[in-house]
Amino acid sequence: MKMKSKKIISVFASMALTAAFTCGAYSDINFKDKSLSAPFVVCASEAEAENWQADVYYVIVDEIDENDGTHCQWYTTDNVSFRKQGIHVKINGVDVTDTCTFEFAEGKTPAEVYDGINTDYMIPVTVTPDGGTSVTTSVWVKIGQRGDVNLDHAVDVCDSSAIARDVAYFKKNSVSRLDEFGLFLASPDLEMSAYPLDYALASTLAKQFAKNALKRATGEKLERDDVESEYSISISGASNALPGETVALQVVVEADDTFESLDALIEWDDDNFKSAGAVAVNGTFCESYVEDGMLSVIDYSSGTVHDGAIATIEFKVPEDAVPGSNMEIYFSDIETFAVGKGTSTEDVSNVVNVIGTSIKVLKPSGTTAATTTPVTTTTTSVATTASQTTPQQTSATTASATTASATSSSLTSSVISTSQTTAATSVTTSTSATVQTTVTTTVPVTTTTKTSEPLIVIPIPRGDANLDGVLDVRDAALIARRLARGEGTLLPDIADYNLDGKKNVSDAAAIARFLSVVSVL
(Lines give C-alpha, C1' and ligand atoms only; values in the text may rest on other atoms or scores of the structure.)
Protein backbone atom coordinates (compact mmCIF):
# COMPACT_ATOMS: atom_id res chain seq x y z
CA MET A 1 0.00 0.00 0.00
CA LYS A 2 1.95 3.01 -1.29
CA MET A 3 1.33 6.09 0.81
CA LYS A 4 1.14 9.55 -0.67
CA SER A 5 4.09 11.65 0.51
CA LYS A 6 3.26 14.73 2.52
CA LYS A 7 5.54 17.54 3.63
CA ILE A 8 5.44 19.91 6.57
CA ILE A 9 7.77 22.87 6.42
CA SER A 10 8.93 24.94 9.35
CA VAL A 11 10.23 28.35 8.33
CA PHE A 12 12.38 30.45 10.64
CA ALA A 13 12.65 34.10 9.79
CA SER A 14 12.54 37.61 11.21
CA MET A 15 8.86 38.12 10.43
CA ALA A 16 5.86 39.44 12.28
CA LEU A 17 3.66 36.91 14.05
CA THR A 18 0.76 37.77 11.73
CA ALA A 19 2.78 36.47 8.84
CA ALA A 20 2.27 33.00 10.20
CA PHE A 21 -1.43 33.13 9.50
CA THR A 22 -1.05 34.67 6.04
CA CYS A 23 1.06 31.60 5.26
CA GLY A 24 -1.55 29.13 6.42
CA ALA A 25 0.24 28.28 9.66
CA TYR A 26 -1.08 25.74 12.22
CA SER A 27 -2.82 27.75 14.89
CA ASP A 28 -2.22 25.15 17.63
CA ILE A 29 1.57 25.36 17.53
CA ASN A 30 3.33 26.91 20.50
CA PHE A 31 5.43 29.50 18.71
CA LYS A 32 8.75 29.61 20.52
CA ASP A 33 12.21 30.28 19.22
CA LYS A 34 15.16 29.79 21.52
CA SER A 35 17.64 31.63 19.27
CA LEU A 36 15.77 33.99 16.97
CA SER A 37 14.09 37.23 17.97
CA ALA A 38 10.90 36.58 16.01
CA PRO A 39 8.54 33.61 15.94
CA PHE A 40 8.69 30.93 13.27
CA VAL A 41 5.87 29.68 11.13
CA VAL A 42 4.90 26.36 9.58
CA CYS A 43 3.83 26.74 5.97
CA ALA A 44 1.37 24.55 4.16
CA SER A 45 3.62 24.01 1.16
CA GLU A 46 7.22 24.41 0.06
CA ALA A 47 6.10 26.82 -2.67
CA GLU A 48 4.71 29.19 -0.05
CA ALA A 49 7.99 29.05 1.85
CA GLU A 50 9.92 29.99 -1.27
CA ASN A 51 7.94 33.24 -1.44
CA TRP A 52 9.60 34.58 1.68
CA GLN A 53 12.15 37.28 0.90
CA ALA A 54 14.55 36.72 3.79
CA ASP A 55 17.33 34.53 5.07
CA VAL A 56 15.42 31.53 6.37
CA TYR A 57 15.82 28.01 7.65
CA TYR A 58 13.57 25.51 5.98
CA VAL A 59 12.88 22.39 8.06
CA ILE A 60 11.01 20.05 5.75
CA VAL A 61 9.50 16.85 7.21
CA ASP A 62 8.40 14.05 4.88
CA GLU A 63 5.75 11.75 6.31
CA ILE A 64 6.71 8.97 3.91
CA ASP A 65 10.25 8.13 2.90
CA GLU A 66 10.23 8.34 -0.89
CA ASN A 67 13.00 5.74 -1.10
CA ASP A 68 11.51 2.79 0.79
CA GLY A 69 7.92 3.83 1.50
CA THR A 70 8.34 3.66 5.30
CA HIS A 71 6.76 6.16 7.65
CA CYS A 72 9.41 8.59 8.71
CA GLN A 73 7.99 9.66 12.05
CA TRP A 74 6.07 6.60 13.22
CA TYR A 75 7.56 4.93 16.27
CA THR A 76 7.12 2.03 18.67
CA THR A 77 7.90 2.36 22.35
CA ASP A 78 10.88 0.04 21.97
CA ASN A 79 12.64 2.45 19.59
CA VAL A 80 15.62 3.82 21.50
CA SER A 81 15.46 7.29 19.97
CA PHE A 82 13.75 9.53 17.47
CA ARG A 83 15.35 9.80 14.03
CA LYS A 84 15.95 12.48 11.45
CA GLN A 85 14.65 10.30 8.64
CA GLY A 86 12.52 12.40 6.33
CA ILE A 87 13.73 15.71 7.80
CA HIS A 88 15.57 18.10 5.49
CA VAL A 89 17.09 21.45 6.49
CA LYS A 90 17.73 24.20 3.98
CA ILE A 91 19.34 27.59 4.46
CA ASN A 92 18.77 29.99 1.59
CA GLY A 93 17.75 27.06 -0.54
CA VAL A 94 20.89 25.01 0.20
CA ASP A 95 20.38 21.56 1.81
CA VAL A 96 22.52 21.49 4.95
CA THR A 97 20.85 18.46 6.61
CA ASP A 98 24.06 16.41 6.80
CA THR A 99 25.82 19.21 8.65
CA CYS A 100 23.10 19.56 11.29
CA THR A 101 22.60 17.95 14.68
CA PHE A 102 19.10 17.18 15.95
CA GLU A 103 17.67 16.96 19.44
CA PHE A 104 14.14 15.52 19.70
CA ALA A 105 11.70 16.00 22.58
CA GLU A 106 14.38 17.57 24.76
CA GLY A 107 16.33 14.32 24.82
CA LYS A 108 13.41 11.97 25.64
CA THR A 109 12.90 8.59 24.05
CA PRO A 110 9.66 7.53 22.31
CA ALA A 111 8.79 5.41 25.37
CA GLU A 112 9.20 8.46 27.63
CA VAL A 113 6.94 10.57 25.42
CA TYR A 114 4.25 7.89 25.09
CA ASP A 115 1.56 8.31 27.76
CA GLY A 116 -0.46 5.12 27.18
CA ILE A 117 -3.49 7.17 26.14
CA ASN A 118 -2.67 8.88 22.85
CA THR A 119 -0.86 7.94 19.67
CA ASP A 120 -0.32 11.42 18.14
CA TYR A 121 2.23 13.82 19.62
CA MET A 122 3.85 17.07 18.58
CA ILE A 123 7.41 17.06 19.86
CA PRO A 124 10.02 19.83 19.76
CA VAL A 125 13.04 19.40 17.48
CA THR A 126 16.13 21.55 17.93
CA VAL A 127 18.21 21.85 14.74
CA THR A 128 21.79 23.09 14.89
CA PRO A 129 23.69 23.55 11.59
CA ASP A 130 27.45 23.16 11.76
CA GLY A 131 28.71 26.51 12.95
CA GLY A 132 25.25 27.99 12.72
CA THR A 133 22.50 29.11 15.02
CA SER A 134 20.21 26.58 16.71
CA VAL A 135 16.54 26.81 15.98
CA THR A 136 13.64 24.83 17.46
CA THR A 137 10.53 23.71 15.65
CA SER A 138 7.98 20.95 16.22
CA VAL A 139 7.07 17.83 14.29
CA TRP A 140 4.13 15.47 14.50
CA VAL A 141 4.95 11.90 15.42
CA LYS A 142 2.94 8.75 16.10
CA ILE A 143 3.94 6.43 18.98
CA GLY A 144 2.41 3.10 19.98
CA GLN A 145 3.28 -0.27 21.45
CA ARG A 146 4.66 -2.91 19.12
CA GLY A 147 1.86 -5.42 18.49
CA ASP A 148 -1.00 -3.12 19.55
CA VAL A 149 -2.92 -3.81 16.35
CA ASN A 150 -6.32 -2.68 17.63
CA LEU A 151 -4.84 0.52 19.13
CA ASP A 152 -6.34 0.02 22.58
CA HIS A 153 -2.97 0.73 24.24
CA ALA A 154 -2.65 -2.88 25.46
CA VAL A 155 -0.80 -5.68 23.74
CA ASP A 156 -2.75 -8.85 24.45
CA VAL A 157 -4.57 -11.79 22.90
CA CYS A 158 -7.19 -9.41 21.50
CA ASP A 159 -4.52 -8.24 19.06
CA SER A 160 -3.93 -11.80 17.85
CA SER A 161 -7.67 -12.08 17.33
CA ALA A 162 -7.73 -8.72 15.51
CA ILE A 163 -4.98 -9.93 13.15
CA ALA A 164 -6.73 -13.24 12.45
CA ARG A 165 -10.01 -11.45 11.87
CA ASP A 166 -8.45 -8.92 9.49
CA VAL A 167 -6.53 -11.58 7.56
CA ALA A 168 -9.77 -13.50 7.01
CA TYR A 169 -11.48 -10.31 5.84
CA PHE A 170 -8.59 -9.33 3.56
CA LYS A 171 -8.60 -12.75 1.88
CA LYS A 172 -12.24 -12.22 0.91
CA ASN A 173 -12.25 -8.50 0.12
CA SER A 174 -8.61 -7.55 -0.66
CA VAL A 175 -8.84 -4.65 1.75
CA SER A 176 -7.96 -4.22 5.42
CA ARG A 177 -10.34 -2.87 8.03
CA LEU A 178 -7.56 -2.02 10.50
CA ASP A 179 -6.24 1.47 11.09
CA GLU A 180 -3.09 2.15 9.08
CA PHE A 181 -1.06 2.85 12.21
CA GLY A 182 -2.34 -0.42 13.68
CA LEU A 183 -0.99 -2.23 10.63
CA PHE A 184 2.35 -0.52 11.23
CA LEU A 185 2.45 -1.58 14.89
CA ALA A 186 1.72 -5.17 13.85
CA SER A 187 4.83 -5.25 11.67
CA PRO A 188 6.92 -2.09 12.22
CA ASP A 189 9.99 -3.66 10.61
CA LEU A 190 8.25 -4.33 7.28
CA GLU A 191 7.65 -2.04 4.36
CA MET A 192 4.05 -0.97 3.96
CA SER A 193 3.99 -1.39 0.18
CA ALA A 194 2.03 -4.65 0.59
CA TYR A 195 -0.47 -6.06 3.08
CA PRO A 196 1.76 -7.01 6.04
CA LEU A 197 -0.41 -9.38 8.10
CA ASP A 198 -0.84 -13.15 8.12
CA TYR A 199 -1.93 -15.90 10.51
CA ALA A 200 1.71 -16.64 11.38
CA LEU A 201 2.06 -13.13 12.83
CA ALA A 202 -0.99 -13.69 15.03
CA SER A 203 0.52 -16.98 16.20
CA THR A 204 3.86 -15.33 16.97
CA LEU A 205 2.15 -12.80 19.22
CA ALA A 206 0.06 -15.52 20.89
CA LYS A 207 3.14 -17.61 21.67
CA GLN A 208 4.70 -14.64 23.42
CA PHE A 209 1.53 -14.08 25.45
CA ALA A 210 1.51 -17.77 26.41
CA LYS A 211 5.09 -17.57 27.63
CA ASN A 212 4.46 -14.38 29.58
CA ALA A 213 1.35 -15.85 31.20
CA LEU A 214 3.46 -18.28 33.23
CA LYS A 215 4.87 -15.30 35.13
CA ARG A 216 1.43 -14.71 36.63
CA ALA A 217 1.38 -18.04 38.51
CA THR A 218 -0.01 -17.70 42.03
CA GLY A 219 -0.50 -21.30 43.17
CA GLU A 220 -3.97 -20.30 44.36
CA LYS A 221 -7.39 -21.02 42.92
CA LEU A 222 -9.21 -18.06 41.40
CA GLU A 223 -12.47 -17.72 43.33
CA ARG A 224 -15.52 -16.06 41.78
CA ASP A 225 -18.35 -17.24 44.06
CA ASP A 226 -20.08 -13.86 44.26
CA VAL A 227 -20.12 -13.02 40.53
CA GLU A 228 -23.45 -12.83 38.71
CA SER A 229 -22.51 -13.12 35.05
CA GLU A 230 -23.69 -14.67 31.81
CA TYR A 231 -20.08 -15.62 31.02
CA SER A 232 -18.27 -18.68 32.33
CA ILE A 233 -15.22 -20.80 31.65
CA SER A 234 -14.75 -24.31 32.99
CA ILE A 235 -12.63 -27.44 32.77
CA SER A 236 -14.63 -30.58 32.07
CA GLY A 237 -13.96 -34.21 31.23
CA ALA A 238 -13.14 -37.53 32.89
CA SER A 239 -12.83 -37.20 36.67
CA ASN A 240 -11.34 -40.66 37.33
CA ALA A 241 -8.18 -42.26 35.93
CA LEU A 242 -5.85 -45.20 36.53
CA PRO A 243 -2.10 -44.84 37.19
CA GLY A 244 -0.31 -44.33 33.86
CA GLU A 245 -3.51 -43.36 32.07
CA THR A 246 -3.87 -40.23 29.88
CA VAL A 247 -6.97 -38.15 30.54
CA ALA A 248 -8.44 -35.67 28.04
CA LEU A 249 -10.07 -32.57 29.53
CA GLN A 250 -11.77 -29.69 27.75
CA VAL A 251 -11.81 -25.94 28.29
CA VAL A 252 -15.45 -24.92 27.85
CA VAL A 253 -16.79 -21.37 27.48
CA GLU A 254 -20.29 -19.96 27.87
CA ALA A 255 -20.63 -16.49 26.33
CA ASP A 256 -23.93 -16.48 24.45
CA ASP A 257 -22.03 -17.39 21.26
CA THR A 258 -19.91 -14.20 21.39
CA PHE A 259 -16.55 -15.56 22.59
CA GLU A 260 -13.47 -14.23 20.76
CA SER A 261 -10.28 -14.69 22.78
CA LEU A 262 -8.83 -16.00 26.05
CA ASP A 263 -5.63 -15.58 28.03
CA ALA A 264 -5.79 -17.92 31.03
CA LEU A 265 -3.47 -19.74 33.42
CA ILE A 266 -4.30 -23.22 34.75
CA GLU A 267 -2.45 -24.75 37.70
CA TRP A 268 -2.42 -27.99 39.69
CA ASP A 269 -0.66 -28.99 42.91
CA ASP A 270 1.12 -32.24 41.96
CA ASP A 271 4.07 -31.64 39.62
CA ASN A 272 4.19 -35.37 38.82
CA PHE A 273 1.04 -34.97 36.76
CA LYS A 274 2.17 -33.94 33.28
CA SER A 275 0.43 -32.14 30.44
CA ALA A 276 1.43 -31.94 26.79
CA GLY A 277 -0.33 -28.58 26.39
CA ALA A 278 -3.60 -27.36 24.90
CA VAL A 279 -4.95 -28.04 21.40
CA ALA A 280 -7.54 -25.80 19.73
CA VAL A 281 -11.03 -27.04 18.82
CA ASN A 282 -14.25 -25.43 17.58
CA GLY A 283 -12.50 -23.41 14.87
CA THR A 284 -10.19 -21.45 17.17
CA PHE A 285 -6.43 -20.97 17.28
CA CYS A 286 -4.50 -21.95 20.41
CA GLU A 287 -1.00 -21.54 21.82
CA SER A 288 0.19 -22.78 25.22
CA TYR A 289 3.24 -23.21 27.41
CA VAL A 290 3.74 -25.86 30.09
CA GLU A 291 5.91 -25.83 33.17
CA ASP A 292 5.79 -27.92 36.34
CA GLY A 293 2.31 -27.60 37.74
CA MET A 294 1.06 -24.90 35.35
CA LEU A 295 -0.25 -24.44 31.82
CA SER A 296 -1.04 -21.23 29.92
CA VAL A 297 -3.85 -21.22 27.37
CA ILE A 298 -4.01 -18.52 24.70
CA ASP A 299 -7.06 -19.06 22.51
CA TYR A 300 -8.32 -16.70 19.81
CA SER A 301 -10.41 -16.72 16.66
CA SER A 302 -11.09 -14.84 13.44
CA GLY A 303 -14.65 -14.16 14.59
CA THR A 304 -17.10 -14.96 17.35
CA VAL A 305 -17.31 -18.61 18.45
CA HIS A 306 -20.29 -20.69 19.56
CA ASP A 307 -20.46 -21.78 23.19
CA GLY A 308 -18.73 -25.07 23.98
CA ALA A 309 -15.22 -26.48 24.04
CA ILE A 310 -12.46 -24.26 22.66
CA ALA A 311 -9.43 -26.36 23.64
CA THR A 312 -8.49 -29.88 24.72
CA ILE A 313 -5.86 -30.60 27.39
CA GLU A 314 -4.33 -34.02 28.02
CA PHE A 315 -2.96 -35.02 31.44
CA LYS A 316 -0.77 -38.08 32.09
CA VAL A 317 -1.32 -39.70 35.48
CA PRO A 318 2.01 -40.98 36.93
CA GLU A 319 2.57 -44.73 36.93
CA ASP A 320 3.25 -44.60 40.67
CA ALA A 321 0.25 -42.43 41.52
CA VAL A 322 -1.31 -43.49 44.82
CA PRO A 323 -4.81 -44.95 44.37
CA GLY A 324 -7.38 -42.79 46.07
CA SER A 325 -5.32 -39.62 45.71
CA ASN A 326 -6.95 -36.61 44.09
CA MET A 327 -5.45 -33.92 41.85
CA GLU A 328 -7.28 -30.60 41.67
CA ILE A 329 -6.97 -28.59 38.43
CA TYR A 330 -7.99 -24.96 38.64
CA PHE A 331 -7.79 -21.53 37.00
CA SER A 332 -5.40 -19.28 38.87
CA ASP A 333 -5.64 -16.25 36.55
CA ILE A 334 -7.86 -14.97 33.74
CA GLU A 335 -6.03 -12.09 32.08
CA THR A 336 -8.39 -11.77 29.11
CA PHE A 337 -11.82 -13.15 28.27
CA ALA A 338 -12.95 -11.11 25.26
CA VAL A 339 -16.35 -11.19 23.62
CA GLY A 340 -17.54 -9.57 20.42
CA LYS A 341 -19.80 -6.54 20.71
CA GLY A 342 -20.75 -5.60 17.16
CA THR A 343 -17.61 -4.25 15.50
CA SER A 344 -15.78 -3.88 18.82
CA THR A 345 -14.43 -6.26 21.47
CA GLU A 346 -15.04 -6.18 25.22
CA ASP A 347 -12.88 -7.81 27.87
CA VAL A 348 -15.10 -9.34 30.57
CA SER A 349 -12.34 -11.22 32.41
CA ASN A 350 -13.23 -9.53 35.72
CA VAL A 351 -16.76 -10.92 35.78
CA VAL A 352 -16.46 -14.33 34.11
CA ASN A 353 -17.34 -17.31 36.31
CA VAL A 354 -14.57 -19.92 36.61
CA ILE A 355 -14.99 -23.63 37.37
CA GLY A 356 -12.14 -26.13 37.75
CA THR A 357 -12.13 -29.90 38.10
CA SER A 358 -10.21 -32.75 39.73
CA ILE A 359 -8.91 -36.20 38.81
CA LYS A 360 -9.18 -39.10 41.25
CA VAL A 361 -6.64 -41.92 40.91
CA LEU A 362 -8.41 -45.29 40.84
CA LYS A 363 -7.10 -48.56 42.20
CA PRO A 364 -6.15 -50.73 39.22
CA SER A 365 -7.86 -54.08 38.70
CA GLY A 366 -5.54 -57.14 39.10
CA THR A 367 -5.03 -60.79 40.22
CA THR A 368 -3.68 -62.37 43.38
CA ALA A 369 -0.55 -64.50 43.25
CA ALA A 370 -1.13 -68.06 41.94
CA THR A 371 -1.23 -70.71 44.69
CA THR A 372 -0.22 -74.32 44.01
CA THR A 373 -1.61 -77.23 46.07
CA PRO A 374 0.48 -80.40 45.64
CA VAL A 375 -1.57 -83.50 44.76
CA THR A 376 0.37 -86.67 45.50
CA THR A 377 -0.38 -90.00 43.90
CA THR A 378 1.33 -93.04 45.40
CA THR A 379 1.59 -96.28 43.50
CA THR A 380 2.59 -99.20 45.71
CA SER A 381 3.90 -102.51 44.58
CA VAL A 382 3.47 -105.42 47.03
CA ALA A 383 5.08 -108.81 47.68
CA THR A 384 2.82 -111.65 46.55
CA THR A 385 2.83 -115.47 46.55
CA ALA A 386 -0.24 -115.94 44.37
CA SER A 387 -0.65 -116.05 40.61
CA GLN A 388 -3.61 -113.62 40.42
CA THR A 389 -3.97 -109.88 39.82
CA THR A 390 -6.65 -107.91 41.61
CA PRO A 391 -7.05 -104.12 40.98
CA GLN A 392 -8.08 -102.20 44.07
CA GLN A 393 -8.98 -98.50 44.61
CA THR A 394 -7.90 -96.87 47.86
CA SER A 395 -8.29 -93.26 48.92
CA ALA A 396 -6.18 -92.11 51.89
CA THR A 397 -6.71 -88.79 53.66
CA THR A 398 -4.17 -88.99 56.47
CA ALA A 399 -0.46 -89.63 56.41
CA SER A 400 0.60 -92.62 58.54
CA ALA A 401 2.54 -95.88 58.49
CA THR A 402 -0.20 -98.41 57.67
CA THR A 403 -0.11 -102.13 57.21
CA ALA A 404 -3.02 -103.63 55.35
CA SER A 405 -3.57 -107.36 54.84
CA ALA A 406 -5.87 -108.68 52.15
CA THR A 407 -6.62 -112.34 51.42
CA SER A 408 -7.94 -113.29 48.01
CA SER A 409 -7.31 -116.79 46.64
CA SER A 410 -4.57 -117.30 49.26
CA LEU A 411 -3.17 -113.78 48.33
CA THR A 412 -1.61 -111.84 51.15
CA SER A 413 -0.52 -108.27 50.41
CA SER A 414 1.45 -106.06 52.77
CA VAL A 415 1.44 -102.38 51.94
CA ILE A 416 5.01 -101.24 52.02
CA SER A 417 4.42 -97.45 51.99
CA THR A 418 1.58 -94.92 51.96
CA SER A 419 1.37 -91.09 51.89
CA GLN A 420 -1.14 -88.21 52.03
CA THR A 421 -3.20 -87.90 48.87
CA THR A 422 -6.20 -86.10 47.49
CA ALA A 423 -6.45 -88.38 44.49
CA ALA A 424 -7.27 -92.07 44.05
CA THR A 425 -4.48 -94.58 44.79
CA SER A 426 -4.31 -97.66 42.60
CA VAL A 427 -2.87 -100.83 44.13
CA THR A 428 -1.94 -103.55 41.69
CA THR A 429 -0.75 -107.05 42.60
CA SER A 430 0.77 -109.51 40.20
CA THR A 431 2.66 -112.80 40.17
CA SER A 432 5.88 -111.10 39.20
CA ALA A 433 8.84 -110.80 41.49
CA THR A 434 8.48 -108.51 44.45
CA VAL A 435 9.34 -104.90 43.48
CA GLN A 436 9.11 -101.96 45.84
CA THR A 437 8.53 -98.64 43.93
CA THR A 438 7.11 -95.28 45.01
CA VAL A 439 6.25 -92.64 42.29
CA THR A 440 5.09 -89.15 43.37
CA THR A 441 3.54 -86.70 40.85
CA THR A 442 2.73 -83.05 41.74
CA VAL A 443 -0.01 -81.33 39.72
CA PRO A 444 -0.33 -77.49 40.17
CA VAL A 445 -3.81 -76.20 40.90
CA THR A 446 -4.10 -72.38 40.33
CA THR A 447 -6.68 -70.27 42.12
CA THR A 448 -7.35 -66.81 40.61
CA THR A 449 -9.02 -64.09 42.63
CA LYS A 450 -10.13 -60.97 40.68
CA THR A 451 -10.72 -57.69 42.42
CA SER A 452 -12.29 -54.51 41.01
CA GLU A 453 -13.01 -50.95 42.08
CA PRO A 454 -16.14 -50.91 44.24
CA LEU A 455 -19.12 -49.47 42.41
CA ILE A 456 -20.35 -46.26 43.95
CA VAL A 457 -23.71 -44.94 42.87
CA ILE A 458 -24.06 -41.18 43.38
CA PRO A 459 -27.59 -39.82 42.95
CA ILE A 460 -27.93 -36.70 40.83
CA PRO A 461 -28.43 -33.81 43.25
CA ARG A 462 -30.69 -30.84 42.85
CA GLY A 463 -29.54 -28.02 40.58
CA ASP A 464 -30.29 -29.53 37.15
CA ALA A 465 -31.31 -26.12 35.81
CA ASN A 466 -31.45 -27.12 32.14
CA LEU A 467 -33.44 -30.28 32.99
CA ASP A 468 -31.25 -32.59 30.92
CA GLY A 469 -31.01 -35.17 33.70
CA VAL A 470 -27.35 -34.44 34.43
CA LEU A 471 -25.82 -32.01 36.90
CA ASP A 472 -22.82 -30.39 35.22
CA VAL A 473 -21.12 -27.07 34.51
CA ARG A 474 -23.83 -26.07 32.06
CA ASP A 475 -26.34 -25.91 34.89
CA ALA A 476 -24.15 -23.50 36.89
CA ALA A 477 -23.56 -21.41 33.75
CA LEU A 478 -27.28 -21.31 32.91
CA ILE A 479 -28.18 -20.14 36.43
CA ALA A 480 -25.53 -17.39 36.28
CA ARG A 481 -26.58 -16.31 32.79
CA ARG A 482 -30.30 -16.16 33.63
CA LEU A 483 -29.62 -14.12 36.75
CA ALA A 484 -27.32 -11.71 34.88
CA ARG A 485 -30.08 -11.07 32.35
CA GLY A 486 -32.73 -10.60 35.02
CA GLU A 487 -34.42 -13.83 33.98
CA GLY A 488 -34.21 -15.64 37.30
CA THR A 489 -37.94 -16.34 37.25
CA LEU A 490 -37.43 -18.56 34.19
CA LEU A 491 -35.29 -20.99 36.18
CA PRO A 492 -37.04 -24.17 37.39
CA ASP A 493 -37.49 -24.72 41.12
CA ILE A 494 -34.90 -27.51 41.02
CA ALA A 495 -32.27 -24.86 40.30
CA ASP A 496 -32.40 -24.06 44.05
CA TYR A 497 -29.42 -26.33 44.70
CA ASN A 498 -28.68 -25.26 48.27
CA LEU A 499 -32.38 -25.47 49.27
CA ASP A 500 -32.47 -21.98 50.78
CA GLY A 501 -35.72 -21.17 48.99
CA LYS A 502 -34.00 -18.82 46.54
CA LYS A 503 -32.58 -19.19 43.04
CA ASN A 504 -29.50 -16.99 43.02
CA VAL A 505 -25.76 -16.94 42.35
CA SER A 506 -25.14 -18.96 45.52
CA ASP A 507 -26.70 -21.97 43.78
CA ALA A 508 -24.35 -21.64 40.80
CA ALA A 509 -21.37 -21.34 43.15
CA ALA A 510 -22.48 -24.35 45.20
CA ILE A 511 -22.87 -26.46 42.06
CA ALA A 512 -19.37 -25.43 40.93
CA ARG A 513 -17.92 -26.47 44.28
CA PHE A 514 -19.76 -29.80 44.15
CA LEU A 515 -18.48 -30.56 40.66
CA SER A 516 -14.90 -29.80 41.68
CA VAL A 517 -14.92 -32.38 44.48
CA VAL A 518 -17.45 -34.97 43.30
CA SER A 519 -14.74 -37.32 42.12
CA VAL A 520 -13.51 -37.87 45.67
CA LEU A 521 -16.86 -39.17 46.93
Side-chain angles (χ1 to χ4, degrees), residues 1 3 5-8 10 26 28-32 34 42 59 61-65 68-87 101-127 136-163 166 176-192 196-197 201-202 204-209 211-213 215-216 261 263 298 335-336 338 344-347 349:
M1 295 183 297
M3 311 299 179
S5 178
K6 298 181 181 178
K7 298 178 183 290
I8 299 176
S10 297
Y26 294 99
D28 58 342
I29 294 180
N30 182 16
F31 292 96
K32 292 183 179 180
K34 296 181 178 179
V42 179
V59 180
V61 181
D62 293 335
E63 286 191 20
I64 306 297
D65 191 305
D68 59 16
T70 59
H71 290 269
C72 299
Q73 295 301 316
W74 283 10
Y75 298 90
T76 59
T77 53
D78 55 1
N79 291 135
V80 296
S81 64
F82 293 96
R83 53 184 177 269
K84 66 178 183 179
Q85 180 185 9
I87 298 179
T101 59
F102 298 82
E103 182 185 60
F104 293 87
E106 299 178 340
K108 295 180 180 179
T109 66
E112 291 170 331
V113 173
Y114 179 68
D115 59 9
I117 302 174
N118 302 294
T119 56
D120 296 298
Y121 303 88
M122 178 172 280
I123 63 171
V125 181
T126 300
V127 181
T136 299
T137 183
S138 297
V139 296
W140 280 103
V141 300
K142 281 183 174 292
I143 307 174
Q145 299 179 70
R146 181 185 294 266
D148 184 17
V149 180
N150 58 6
L151 300 180
D152 65 350
H153 302 283
V155 182
D156 53 28
V157 66
C158 293
D159 295 296
S160 289
S161 187
I163 292 174
D166 198 65
S176 171
R177 292 189 297 185
L178 288 175
D179 182 277
E180 189 178 355
F181 187 52
L183 289 174
F184 165 78
L185 293 177
S187 53
D189 300 323
L190 301 178
E191 294 185 12
M192 298 293 288
L197 305 185
L201 182 59
T204 298
L205 281 176
K207 289 178 180 177
Q208 186 60 46
F209 302 146
K211 188 174 183 179
N212 291 340
K215 301 175 183 178
R216 307 196 304 265
S261 56
D263 181 345
I298 307 297
E335 178 73 9
T336 304
S344 63
T345 298
E346 181 182 358
D347 182 9
S349 57

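For the side chain to side chain donor-acceptor pair (under 3.5 Å) test, no residue two or more places apart in sequence or in another chain qualifies with Thr119. A search for side chain to side chain contact (heavy atoms under 4.5 Å, CB included) contacts involving Lys207 returns Ser203, Glu287, not counting sequence neighbours.
Nearest heavy atom pair, residue Lys108 against residue Glu112, reads CA-OE1, 3.2 Å. Minimum interatomic distance between Thr345 and Ala338 (heavy atoms only, all atoms of both residues): CG2-CB, 3.5 Å.
Annotation: side chain of Leu197 is in contact with side chain of Leu178 (closest heavy-atom distance under 4.5 Å). Side-chain contact check for Ile143 versus Asn79: every heavy-atom pair is 4.5 Å or farther apart. Between Ser160 and Ile298, every side-chain heavy-atom pair lies at or beyond the 4.5 Å cut-off. Between Asp263 and Asp156, the closest side-chain pair of non-hydrogen atoms is not below 4.5 Å. Side-chain contact check for Val139 versus Ile123: some heavy-atom pair is nearer than 4.5 Å. Within the 4.5 Å cutoff, the side chain of Trp74 has no heavy atoms near those of the Leu185 side chain. Side chains of Phe82 and Val113 form a contact here, defined as non-hydrogen atoms less than 4.5 Å apart.
Side-chain contact, Thr336 with Ser349: no donor N or O sits under 3.5 Å from an acceptor N or O. Between the side chains of Tyr75 and Gln73, at least one donor N or O lies within less than 3.5 Å of an accepting N or O.
Distance alone, capped at 3.5 Å, is enough to place a donor-acceptor pair between the Tyr121 side chain and the Asp115 backbone. Between the side chain of Asp148 and the main chain of His153, a donor-acceptor pair closer than 3.5 Å is present. Here the side chain of Arg83 pairs a donor or acceptor atom with the backbone of Cys72 at under 3.5 angstrom. Judged by distance alone, with hydrogens and angles left aside, the side-chain atoms of Asp120 form no donor-acceptor pair with the main-chain N or O of Trp140 at under 3.5 Å. At distances below 3.5 Å, not a single donor-acceptor pair connects side-chain atoms of Asp179 with backbone N or O atoms of Asn150.
If you take CG on Asp166 and OG on Ser161, they are separated by 11.0 Å, rounding to the nearest 0.5 Å. To the nearest 0.5 angstrom, Ser187 atom OG is 8.5 Å from Ile163 atom CD1. Note: Glu346 CD to Cys158 SG = 10.5 Å, rounded to the nearest 0.5 Å. Atom CZ of Arg146 is separated from atom CG of Asp159 by 13.5 Å, given to the nearest 0.5 angstrom.
Cation-pi geometry between Lys142 and Phe181 is satisfied (NZ or CZ under 6.0 Å from the ring centre, within 45° of the ring normal).
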